[in-house]
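Quick note: numbers below take in every heavy atom, side chains included, and nothing from hydrogens, waters or symmetry partners. Quantities reported herein were computed from a predicted structural model and do not represent experimental measurements.
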Amino acid sequence: MTDPVAKLPSELDQLPDRDPEETAEWAASLDAVTKAAGPHRAAYLMRRSLQHAEGAGIALPKLLETDYVNTIPTAAEPAFDGDLEMESKITAWNRWNAAAMVTRGARYGVGGHIATFASAAWLYETGFNHFFRGKEGDGSGDQLYIQGHASPGIYARAFLDGRLSEQQLDNFRQESGGDGLPSYPHPRRLPWLWEFPTVSMGLGPLSAIYQARFNRYLTNRNIKDTSNSHVWAFLGDGEMDEPESTAALALAAREQLDNLTFVINCNLQRLDGPVRANFRVVQELEGAFRGAGWNVVKTLWGSAWDELFQLDTTGALIRRLRQVPDAQFQTYATRDVAYIREHFFGAEPALAELAKLLSDAKIAECFYSSRGGHEARKVYAAYRAALEHKGAPTVILAQTVKGYTLGKGFESKNANHQMKKLSIDEFKSMRELLGLPIPDSAFEDGLVPYGHPGADSPEVRYLQERRAALGGPAPARRVHALALPEPEERAFKALYKGSGKQEMATTMAFVRLVKDLMRDKETGRRWVPIVPDEARTFGMESLFPSAGIYSPLGQTYEPVDRDQLMYYKEAKDGQILNEGITEAGAMADFIAAASSYATHGETMIPFYIFYSMFGWQRTGDQMWQLADQLGKGFIVGATAGRTTLTGEGLQHADGHSHLIASTNPASLNYDPAFAYEIAVIVKDGLRRMYGPEAEDVFYYLTVYNEPKQQPAMPEGVEEGIVKGLYRFKEGAPAAADAPRLQLIGSGTAIHWVLAAQELLAADWGVTADVWSATSWGELRRDALESDEALLRGEERVPYVTQALSGAPGPVLAVSDWMRAVPDQISQWVEQDWSSLGTDGFGLSDTREGARRHFGVDPQSVTVAALAQLARRGEIPASKVKEAREKYGM
């Protein structure tokens with residue numbers, strides 16, 4: 001007999017078969033079962049064998065996909081720890097008020113979403129009543145990543161709990177008056193309630209994974225025991241299309257983050273239609289998560305399906321469920337029973353026979369409403385299984401109906417995401433379905449009323465007792481104002497004095513400063529260095545052996561460079577988060593660390609260093625997430641500028657990150673030129689972010705990889721450095737009546753400006769003062785605030801205007817950025833203004849070649865300065881032409 005195993009080549013062909021005859025017998029047995037009982041029976045026996053092997057501890061690859069049924073059978077569900085009738089009443093009130101809030105807001109055209117919470121209500125309510133730990137108990141409580149479009153349901157629960165008023169519900173999406181509610185989870189807008197912004201889809205799941213990981217980081221570094229904290233991320237099945245949603249699944253499994261649970265609301269609908277119209281998204285997600293190493297719990301069918309599965313003696317029902325695509329299943333929920341009998345049960349004779357045993361009412365119940373995500377007992381069982389599973393994170397795939405309980409006009413309709421209100425008649429139907437005691441007279445003013453059983457009602461008492469037992473209200477954000485002591489001055493003084501004759505890039509200066517600050521006995525352990533690979537590019541290898549790279553496993557191997565001074569050292573209590581090639585992951589790390597002061601009551605000082613080109617451009621959405629989450633820390637764009645990273649070319653040349661960063665109100669953006677400027681900025685940043693009057697801001701610093709001699713700090717420049725501008729070097733008059741102008745440079749451009757200052761004096765008899773612009777953005781911020789003060793009747797002159805007041809001649813600003821970066825401040829400069837920059841695409845060349853190409857090298861600056869003076873009539877125009885020829889331009 002031919003061995004069927006040998007028909008197709010596979011990895012098994014590489015393994016020796018010590019008993020080919022036995023192998024052939026097993027294959028023959030499978031063939032016999034297939035012939036006698038059919039392929040379905042053969043497949044069943046194979047799967048049973050795999051299940052048995054797994055239980056016996058035999059190492060075999062796991063199946064990536066199971067049948068389209070619940071992971072936890074009804075008979076295996078744990079006892080429900082609560083009063084189901086009472087929780088049903090609470091859920092009914094919350095469903096009603098969520099829909100009422102959005103419908104009432106529709107009067108003002110502010111919109112809102114109803115259908116998402118309607119589908120997910122029990123997913124949240126079961127958690128709030130039984131699982132989600134609050135912040136008033138031991139530890140930090142749980143971290144809840146609420147699906148953004150479900151926010152009305154969370155507000156409705158806070159209203160029932162007495163944490164929100166009717167007036168606040170009526171101000172949903174109307175915040176400008178000061179007593180409104182933000183549309184989605186926005187901590188900056190409602191900081192006592194929301195912890196995590198999630199509505200920018202994909203960032204919630206990514207952040208949840210890194211939050212769970214950071215919790216372990218805090219524990220392993222003995223900063224705080226977070227072992228009782230669990231991260232719950234509520235997601236939509238359509239949201240899983242975002243690449244960020246699944247980007248870190250392997251990390252979560254690799255690091256065995258069993259403190260993490262994803263709850264994916266599988267209502268089979270995106271915002272405009274089916275998620276997987278021709279396929280089955282639940283099965284696809286199961287395969288993706290199982291393949292990544294997650295524990296998967298499917299909660300698909302409600303208890304009404306139990307009878308159907310018991311009657312399915314041939315497996316025909318399970319086979320049919322595996323065949324039906326999502327879009328067709330949505331159609332079943334909107335068609336009559338006759339349609340379902342014909343198109344679902346009519347697919348094969350065994351199913352047709354089964355359907356004869358079912359009443360129309362039973363079929364309607366199963367196909368219209370009985371989903372696992374709509375039954376508290378099913379959800380409770382899934383959550384309990386997630387918490388009890390150890391060694392891997394869990395994903396719960398809960399099937400629901402989008403728009404559930406909102407009536408036939410909403411349920412499973414493709415357009416229900418855009419439907420913002422229900423009619424009065426629809427609300428009355430909903431009232432009957434939910435069993436709420438709301439009289440018709442409550443609708444007399446034409447508005448749907450809010451419903452509340454009373455502050456001392458059994459429902460509210462039950463809700464509050466449950467929350468008290470779990471550690472207080474949730475979600476909730478708490479800030480424990482604990483200022484950090486100022487670090488010792490010694491670390492900063494090392495940069496104040498300069499580098500002497502030694503050359504040092506500002507990237508290295510920053511790393512050296514942080515390395516010294518990490519030795520501070522009071523605050524050193526609170527620094528969290530984060531890098532998305534290439535730490536050696538930024539000179540951070542010196543931190544490896546001293547601080548260690550964080551790994552929950554420690555170091556299970558002998559590093560290849562163990563005999564070197566700066567070897568690659570991983571440690572369970574390592575301080576560095578070296579993330580590999582993932583800027584998004586590193587940024588998620590940063591956000592978790594940056595908001596730890598609120599999440600865990602532990603203030604951390606993260607600094608995230610990266611190629612500046614791959615910061616704001618690649619992960620700008622996360623920078624806004626950071627701002628919304630009120631995070632603090634230092635974001636460092638290294639190898640900055642368009643011309644300093646030699647030879648790397650178009651995609652590695654950053655000339656615009658400061659322009660993007662300037663759009664974020666929470667970001668304080670600095671482009672320091674010298675090491676001492678970095679020291680002053682970091683010191684002031686520590687004061688502003690972590691001092692007694694801490695501000696909810698973060699810093700963006702750009703540093704360069706171009707080695708230069710670092711001067712000592714001049715006296716009295718600290719204020720100018722922090723505010724954004726100071727005069728670094730005054731020009732010596734070439735003659736009493738010599739033309740004069742002001743040259744402003746930022747970052748590495750200061751060196752081109754200083755060289756141009758010398759060329760102007762030596763070759764053209766022109767005097768130039770050189771200014772260092774440490775922050776174009778802070779100069780603009782101050783000027784805008786001055787303009788706002790004028791509107792209030794306050795006299796205030798912008799700092800940049802004050803600093804340059806009376807400075808003779810025109811102003812020429814030069815940077816390694818697009819001209820729009822320095823041009824931000826031009827309208828507040830009283831002198832004639834001009835700028836030079838690196839607009840356009842980057843290119844591969846030497847630094848000198850690139851700077852000549854963009855017209856920002858010292859000679860180009862000199863010619864531009866002369867042209868500015870010529871336009872003012874202060875020198876002959878012929879001098880400009882002469883200079884161009886002299887410098888080969």
Side-chain angles (χ1 to χ4, degrees), residues 91 94-95 97-98 101-102 112-135 140-161 163-164 169 172-173 181-209 211-212 229-240 242 244-245 260-267 373 379 383 386 395-396 398 400 402 417 467 470 472-478 591-592 595 598-599 625 628-630:
T91 304
N94 292 337
R95 286 182 182 279
N97 288 321
M101 177 175 59
V102 175
H113 301 286
I114 304 176
T116 294
F117 178 73
S119 67
W122 275 115
L123 302 179
Y124 291 107
E125 292 300 322
T126 306
F128 284 128
N129 288 326
H130 299 278
F131 295 96
F132 303 158
R133 291 166 50 85
K135 293 183 175 295
S140 306
D142 289 350
Q143 289 79 57
L144 308 180
Y145 287 77
I146 305 293
Q147 191 178 0
H149 293 131
S151 62
I154 309 305
Y155 290 140
R157 189 170 223 273
F159 170 64
L160 200 66
D161 194 15
R163 294 200 289 164
L164 289 175
L169 294 190
F172 175 59
R173 292 193 169 195
L181 300 179
S183 52
Y184 304 124
H186 290 306
R188 185 170 284 272
R189 291 303 184 201
L190 201 62
W192 60 267
L193 180 72
W194 298 119
E195 279 197 285
F196 308 107
T198 54
V199 82
S200 188
M201 292 189 187
L203 299 191
L206 179 69
S207 295
I209 290 173
Q211 181 66 59
S229 288
H230 199 85
V231 178
W232 300 83
F234 289 84
L235 318 168
D237 47 1
E239 181 178 6
M240 301 310 294
E242 291 284 4
E244 294 89 351
S245 294
L260 169 68
T261 297
F262 276 15
V263 182
I264 302 182
N265 179 15
C266 299
N267 57 37
V379 176
Y383 287 5
V395 59
I396 296 170
T400 66
K402 192 166 185 177
H417 186 78
R467 289 312 315 157
L470 287 166
R477 183 176 181 272
R478 299 286 186 269
I591 292 171
S595 54
T599 308
Q625 180 188 7
D628 196 346
Q629 203 163 316
L630 291 82

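Gly148 approaches Val199 most closely through the heavy-atom pair CA-CG2, 3.8 Å. Counting all heavy atoms, side chain and backbone alike, Trp122 lies closest to Val379 at O-CG1, 4.0 Å. In this structure, Leu235 and Pro205 approach most closely via the heavy-atom pair CD2-CD, 3.6 Å. Nearest heavy atom pair, residue Asp237 against residue Asn267, reads OD2-N, 3.4 Å. Annotation for Ala398 and Leu123: closest pair CB-CD2, 3.7 Å, computed over non-hydrogen atoms. Among all heavy-atom pairs drawn from Thr198 and Gly204, the shortest one is CG2-CA, 4.4 Å.
The salt bridge (Lys or Arg N to Asp or Glu O under 4.0 Å) check on Glu239 picks up nothing, with sequence neighbours excluded. Checked against salt bridge (Lys or Arg N to Asp or Glu O under 4.0 Å), Arg478 has the following partners two or more places apart in sequence or in another chain: Glu136. Residues satisfying the salt bridge (Lys or Arg N to Asp or Glu O under 4.0 Å) criterion with Asp161, sequence neighbours excluded, are Arg163. For Arg133, there are no side chain to side chain donor-acceptor pair (under 3.5 Å) partners at least two apart in sequence or on another chain. Considering only residues two or more places apart in sequence or on other chains, Asn129 meets the side chain to side chain donor-acceptor pair (under 3.5 Å) condition with Glu87, Arg157. Residues passing the side chain to side chain donor-acceptor pair (under 3.5 Å) test with Gln143, sequence neighbours excluded: Asn215.
When side chains are defined from C-beta on, Ser151 counts as touching Pro185, because their heavy atoms get closer than 4.5 Å. Using a 4.5 Å heavy-atom cutoff, the side chains of Tyr145 and Ser207 are in contact. Lys135 is listed as a side-chain neighbour of Glu195, based on a closest heavy-atom distance under 4.5 Å. Contact annotation: the side chain of Phe128 approaches that of Leu144 to within less than 4.5 Å [non-hydrogen atoms, C-beta and beyond]. Side chains of His149 and Met201 form a contact here, defined as non-hydrogen atoms less than 4.5 Å apart. Residues Ile209 and Phe262 have side chains in contact (heavy-atom distance under 4.5 Å, counting atoms from C-beta outward). At least one side-chain heavy atom of Tyr155 sits under 4.5 Å from a side-chain heavy atom of Leu193. You'll find the side chain of Phe132 stays beyond 4.5 Å of the side chain of Pro473, heavy atoms only.
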- Query: Should Phe196 and Ile591 be marked as a side-chain contact (heavy atoms from CB on, under 4.5 Å) after you check the CA-CA gap, both sets of side-chain angles, and the distance that decides it?
  - Reply: CA-CA 10 Å; Phe196 308 107; Ile591 292 171; over 6 Å; no
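The backbone N or O of His230 sits less than 3.5 Å from a side-chain atom of Asp142, completing a donor-acceptor pair. Judged purely by atom type and a 3.5 angstrom limit, Arg95 uses its side chain to pair as donor or acceptor with the backbone of Ala118.
In the displayed structure, Arg477 atom CZ is contacted under 6.0 Å by more than 12 heavy atoms of other residues, nucleotides or ligands.
Relative to the ring axis of Tyr184, Arg173 places its NZ or CZ within 45° and under 6.0 Å from the centre.
For the residue pair His186 and Asp628, a side-chain donor N or O sits within less than 3.5 Å of a side-chain acceptor on the partner.
Taking the six-membered ring where the residue is Trp, the centroids of Phe172 and Phe159 are separated by 6.0 Å or more.
Here the CG atom belonging to Asn265 is positioned 7.5 Å from the OH atom belonging to Tyr124, to the nearest 0.5 angstrom.
Ring pair Tyr383/Phe234 is perpendicular by interplanar angle, where above 60° counts as perpendicular and below 30° as parallel.
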